[in-house]
Visitor: 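Just dropping this structure here.
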Amino acid sequence: MPEFGTKLLSHELIHTALRKQFGKQEAIPKVALIDFLREHSGNAKPSTLAWRLHELTQAGILTRIGYGQYQLNDRPIYGPDLSPTLRKIGDRVKAELPFTTCCVWDTRILADFMIQQPMSFLQLIEVNKEAVSSVYQLLQEQPVRIDRKNPAVYRYDDWLLLSQRGLPSPNPIIVKPLITEAPVQQQNKYTTAPLEKVLVDLIADSELFFAYQEELPYIFQTAFAKFIINRDKLRRYARRRNRVDMLEQLLRQVLPTRH
């Protein structure tokens, strides 16, 4: 095995060495990675080893999946393909309300994680609580057209009331308060929801996402199989939404060998 020494090997060679050492190990303790780097880095200082671990994480070779736990990143980082409608709404809110955080996503992203496909999907526009009325009014006055039609726009609370009497309209735009400290991610110039947020929201907002409740176990299982998911971020947000127990129960059910 070549040594890293003072000159770092290429990321490709490092990845090869890590795969040889750890194979398909589900979770790699930080201490094991530091020992690995120390073994192949001569007399490097602890601070140097920690920095090299950080570099490997930043480069996407390793992904932090929990406290002191890492994983070789053979799976992609989740990044949704935002629809033209969501991009237009994101642009409009940013232009009119530049100091408002606007997280856009829709439930079409769940199609790849499901067996049965819902007949319609929800388009979520999540903004600071104090901006909900302003954004709702903006989208009423300046609607975004889809296939020459103006999709119906609802406030979150109004949609919940109306949906109890049957679906008010297909593919609605729902303006919803963004939970404080909710994880978000940047997709180009747009703010959207990472999988950690989506999965917890499915549990916490069961009335809104009622069409997905029967397939929750399969959705979780498939999401973990396809993408790297940060368990710390998942649990932190579940704690923020008071759904830790429900999350842990579901994880034990669908990920018995990984949890």
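Bear in mind the structure is a predicted one, so any value in this text is a computation, not a measurement.
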Visitor: Does the T222 side chain pair with the main chain of I219, one donor and one acceptor, at a distance under 3.5 Å?
Guide: no
Visitor: Closest approach of P217 and V254, non-hydrogen atoms and distance?
Guide: O-CG1, 3.3 Å
Visitor: If you group Ile, Leu, Val, Met, Phe, Trp and Tyr by side-chain heavy-atom gaps below 4.5 Å, do L234 and I109 land in one group?
Guide: yes
Visitor: Identify each donor-acceptor pair in which a side-chain atom of residues 129-139 lies under 3.5 Å from a protein atom, sequence neighbours left out, and give them as a table.
Guide:
unit_1: Y136; atom_1: OH; unit_2: Q140; atom_2: NE2; d: 2.6
unit_1: Q137; atom_1: NE2; unit_2: E141; atom_2: OE2; d: 3.0

Visitor: Atom CD in E181, atom OH in Y237: separation rounded to 0.5 Å?
Guide: 11.0 Å
Visitor: So, taking the atom named CG in L199 and the one named CG in L216, what distance separates them when rounded to the nearest 0.5 Å?
Guide: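 One gets 9.0 Å once the value is rounded to the nearest 0.5 Å.
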Visitor: Decide yes or no for P177 and V127: does some side-chain heavy atom of the first lie under 4.5 Å from some side-chain heavy atom of the second?
Guide: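 A side-chain contact is absent here, since even the closest heavy-atom pair is not under 4.5 Å.
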Visitor: Determine whether V175 and Y154 make a side-chain contact, defined as any pair of heavy atoms from C-beta on separated by less than 4.5 Å.
Guide: no
Visitor: Do any N or O atoms from the side chain of S206 and from the backbone of L202 form a donor-acceptor pair under 3.5 angstrom?
Guide: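 Not at all, since once roles are kept as given, no pair shorter than 3.5 Å links the two residues.
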Visitor: Counting only N and O atoms by type, is there a donor-acceptor contact under 3.5 Å from the side chain of T192 to the main-chain atoms of V104?
Guide: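 Pair found, side chain donor or acceptor close to backbone of V104.
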Visitor: Atom CD of Q21 and atom CG of L33: how far apart are they, to the nearest 0.5 Å?
Guide: 9.5 Å
Visitor: What's the shortest heavy-atom distance between A193 and Y78, and which atoms?
Guide: O-CE2, 3.6 Å
Visitor: Taking atom types as modelled and ignoring hydrogens, do the side chains of T63 and Y70 form a donor-acceptor contact shorter than 3.5 angstrom?
Guide: no
Visitor: Any chance you could measure L72, atom CG, to F22, atom CZ, to the nearest 0.5 Å?
Guide: 8.0 Å
Visitor: What's the shortest heavy-atom distance between A44 and L49, and which atoms?
Guide: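 Heavy-atom minimum between the residues: CB-CD2, 3.9 Å.
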Visitor: For D106 and S83, work out which heavy atoms get closest and say how close.
Guide: OD2-OG, 4.1 Å
Visitor: Verify the cluster assignment for L178 and Y156: are they in a single hydrophobic cluster under the rule of side-chain heavy atoms below 4.5 Å apart?
Guide: no
Visitor: Is a side-chain donor or acceptor of Q187 paired with a backbone partner of P80 at a separation under 3.5 angstrom?
Guide: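 Here the side-chain-to-backbone pair exists.
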Visitor: I'd like to know whether I89 forms a side chain to side chain contact (heavy atoms under 4.5 Å, CB included) with Y190, so could you lay out the CA-CA distance, the side-chain angles of the two residues, the decisive distance to 0.1 Å, and finally the verdict.
Guide: CA-CA 10 Å; I89 292 175; Y190 303 100; over 6 Å; no
Visitor: Carefully, step by step, assess Q185 and T191 under the rule side chain to side chain contact (heavy atoms under 4.5 Å, CB included).
Guide: CA-CA 6 Å; Q185 70 182 39; T191 300; over 6 Å; no
Visitor: How about K30 and L53: do any of their side-chain heavy atoms sit closer than 4.5 Å?
Guide: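 They are in contact (side-chain heavy atoms under 4.5 Å apart), so the answer is yes.
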Visitor: Give a yes or no answer on whether the side chain of D232 reaches the backbone of I65 with a donor-acceptor pair at less than 3.5 Å.
Guide: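 Not a single qualifying donor-acceptor pair exists.
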Visitor: Is there a side-chain contact between L62 and Q71, using heavy atoms and a 4.5 Å cut-off?
Guide: no
Visitor: If we only count heavy atoms from C-beta on, is the F224 to R231 side-chain gap below 4.5 Å?
Guide: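 Of all side-chain heavy-atom pairs linking R231 with F224, at least one is under 4.5 Å.
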Visitor: Heavy atoms only: give me the nearest A152-S169 pair and the separation to one decimal.
Guide: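 Of all heavy-atom pairs spanning A152 and S169, the closest is CB-OG, 3.5 Å.
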Visitor: What's the separation between atom CD1 in I173 and atom CG in L124, rounded to the nearest 0.5 Å?
Guide: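 CG of L124 is found 10.5 Å from CD1 of I173.
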Visitor: Look at the side chain of R87 and the backbone N and O of L82, then say whether any donor-acceptor pair between them is shorter than 3.5 Å.
Guide: yes
Visitor: Is there side-chain contact between L86 and V144, with at least one heavy-atom pair below 4.5 Å?
Guide: no
Visitor: Is the side chain of N128 donor-acceptor paired with the backbone N or O of T100 at a distance under 3.5 Å, no angle test?
Guide: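 Between the backbone of T100 and the side chain of N128 there is no qualifying donor-acceptor contact (under 3.5 Å).
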Visitor: Do R38 and D35 meet the salt-bridge criterion of a basic N to acidic O distance under 4.0 Å?
Guide: yes
Visitor: Name the orientation class of the two ring planes belonging to Y212 and F209 (parallel below 30°, tilted from 30 to 60°, perpendicular beyond 60°).
Guide: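 Aromatic pair Y212/F209 classed perpendicular.
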Visitor: Is there a donor-acceptor contact under 3.5 Å from the side chain of Q123 to the main chain of W105?
Guide: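 Side chain of Q123 to backbone of W105, a donor-acceptor pair under 3.5 Å: no, none is there.
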Visitor: Does R240 use its side chain to pair, donor to acceptor, with the backbone of T180 at less than 3.5 Å?
Guide: yes
Visitor: Which heavy-atom pair separates A95 from P98 by the least distance, and what is that distance?
Guide: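 Looking at all heavy atoms of both residues, the closest pair is O-CD, 4.1 Å.
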Visitor: Going hydrophobic residue to hydrophobic residue with side-chain gaps under 4.5 angstrom, can you get from V93 over to V184?
Guide: no
Visitor: What distance separates I174 CD1 from I125 CD1, expressed to the nearest 0.5 Å?
Guide: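 These two atoms lie 9.5 Å from each other.
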Visitor: Would you check if E248 and R252 make a side-chain contact, meaning some heavy-atom pair closer than 4.5 Å?
Guide: yes
Visitor: With side chain to side chain contact (heavy atoms under 4.5 Å, CB included) as the test, would you mind laying out the steps for Q249 and Q253 before giving the verdict?
Guide: CA-CA 6 Å; Q249 181 179 356; Q253 178 184 348; 5.6 Å; no
Visitor: Quick one: which residue pairs count as a salt bridge (charged side-chain N to carboxylate O under 4.0 Å, His left out) with a foot in residues 196-216, not counting sequence neighbours?
Guide: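 The answer is E126-K197, K176-D205, K197-D201, D201-R241, D205-R241.
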Visitor: Does the side chain of F113 reach to within under 4.5 Å of the side chain of F220, using non-hydrogen atoms?
Guide: no
Visitor: Tell me whether I229 is reachable from V244 by hopping between hydrophobic residues (I, L, V, M, F, W, Y) whose side-chain heavy atoms are closer than 4.5 Å.
Guide: no
Visitor: Salt-bridged, D157 to R155, with N to O below 4.0 Å?
Guide: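 No salt bridge links D157 with R155.
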Visitor: Which residues, ordered by chain and number, are linked to I115 in its hydrophobic cluster, where ILVMFWY side chains connect at heavy-atom gaps below 4.5 Å, directly or through other members?
Guide: Y218
Visitor: Are M114 and F121 joined in one hydrophobic group, where the rule is that I, L, V, M, F, W and Y side chains link up if heavy atoms are under 4.5 Å apart?
Guide: no
